[in-house]
Amino acid sequence: MTSPWFTLYARCPACDLVGPPESADYAGNPDGTINWTSSRPPEIRCGECGHLHTVTEHNLLALDAEHVCIRCAGATACPASAARVQCADCGLIGFGPASSDDAVRTLTTDTERLRRLQDYNRVRAAKAAAGLAATETRRTDR
Ligand SMILES: [Zn+2]
Ligand SMILES: [Zn+2]
């Protein structure tokens, strides 16, 4: 397997969706590809729910389908089960082949909405803890 990290498609054990990872931590080869023979399996962060999980060559999904980008019309290889796909040409993340199923599409948008809400609440809590909440209120009142 010599693919770059953003093609590490695996089903997320937390949200059950397949999409391009938001980030990946892995042992690399000098050419930038993943070193699968390392004792440390790659750890990826789910691009949908933010869950951190490891991938092995066994739960890695085959790029057996093709996604056509709505922005640049570029074709990107992806798993047929992908709800989201990142365009290899322009980087735009669009709906993948699995999103033609309404249930998958709804789960995808709901999961992303929940993630944004959790991120928002985390930032708010951090600001409150740092005593910045009052500053923010004054700014909006102006
Ligand atoms: Zn997830
Ligand atoms: Zn594109």
Side-chain angles (χ1 to χ4, degrees), residues 1-140:
M1 183 64 67
T2 55
S3 309
W5 69 269
F6 54 83
T7 61
L8 289 176
Y9 284 89
R11 188 171 295 279
C12 174
C15 71
D16 206 36
L17 288 166
V18 174
E22 185 174 282
S23 62
D25 183 22
Y26 58 90
N29 293 314
D31 64 356
T33 56
I34 296 150
N35 177 6
W36 289 103
T37 57
S38 164
S39 57
R40 187 168 63 90
E43 193 173 46
I44 62 173
R45 185 174 294 282
C46 173
E48 304 309 308
C49 77
H51 181 69
L52 208 57
H53 62 106
T54 55
V55 284
T56 67
E57 282 179 291
H58 305 291
N59 62 11
L60 200 62
L61 297 167
L63 309 180
D64 54 1
E66 201 173 65
H67 164 77
V68 177
C69 180
I70 57 162
R71 182 161 69 190
C72 75
T76 301
C78 67
S81 54
R84 286 284 191 190
V85 176
Q86 182 161 4
C87 174
D89 294 329
C90 77
L92 182 73
I93 295 172
F95 282 109
S99 69
S100 59
D101 181 329
D102 284 345
V104 173
R105 199 179 179 102
T106 302
L107 178 63
T108 305
T109 51
D110 283 354
T111 301
E112 291 170 357
R113 198 172 295 133
L114 180 64
R115 171 91 186 277
R116 282 197 298 275
L117 188 65
Q118 286 167 340
D119 285 348
Y120 171 75
N121 286 333
R122 198 172 298 125
V123 170
R124 248 175 62 133
K127 276 184 173 176
L132 294 172
T135 313
E136 190 184 53
T137 308
R138 270 202 305 278
R139 199 174 296 138
T140 50

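Whatever order the structure lists them in is the order used to number ligands and atoms, beginning at 1.
A donor-acceptor distance shorter than 3.5 angstrom exists from the side chain of Thr109 to the backbone of Thr106, with no hydrogens or angles considered.
Of the charged side-chain nitrogens involved, none lies within less than 4.0 Å of a carboxylate oxygen, so that Arg105 and Asp102 do not count as a salt-bridged pair. Taking the charged nitrogens against the carboxylate oxygens, Asp25 and Arg40 do have a contact shorter than 4.0 Å, which makes a salt bridge.
Here the angle centred on the Zn ion (ligand 2), running from SG of Cys69 over to SG of Cys90, is 110°, rounded to 10°. Rounding to 10 degrees, one finds that the Zn ion (ligand 1) sits at the corner of an angle of 110° between Cys15 SG and Cys12 SG.
The only option from Val55, Leu52, Leu8 that meets the side-chain contact (heavy atoms from CB on, under 4.5 Å) definition with Pro21 turns out to be Leu8.
At a cut-off of 2.8 Å, His51 is not counted among the residues with an N, O or S atom near the Zn ion (ligand 1).
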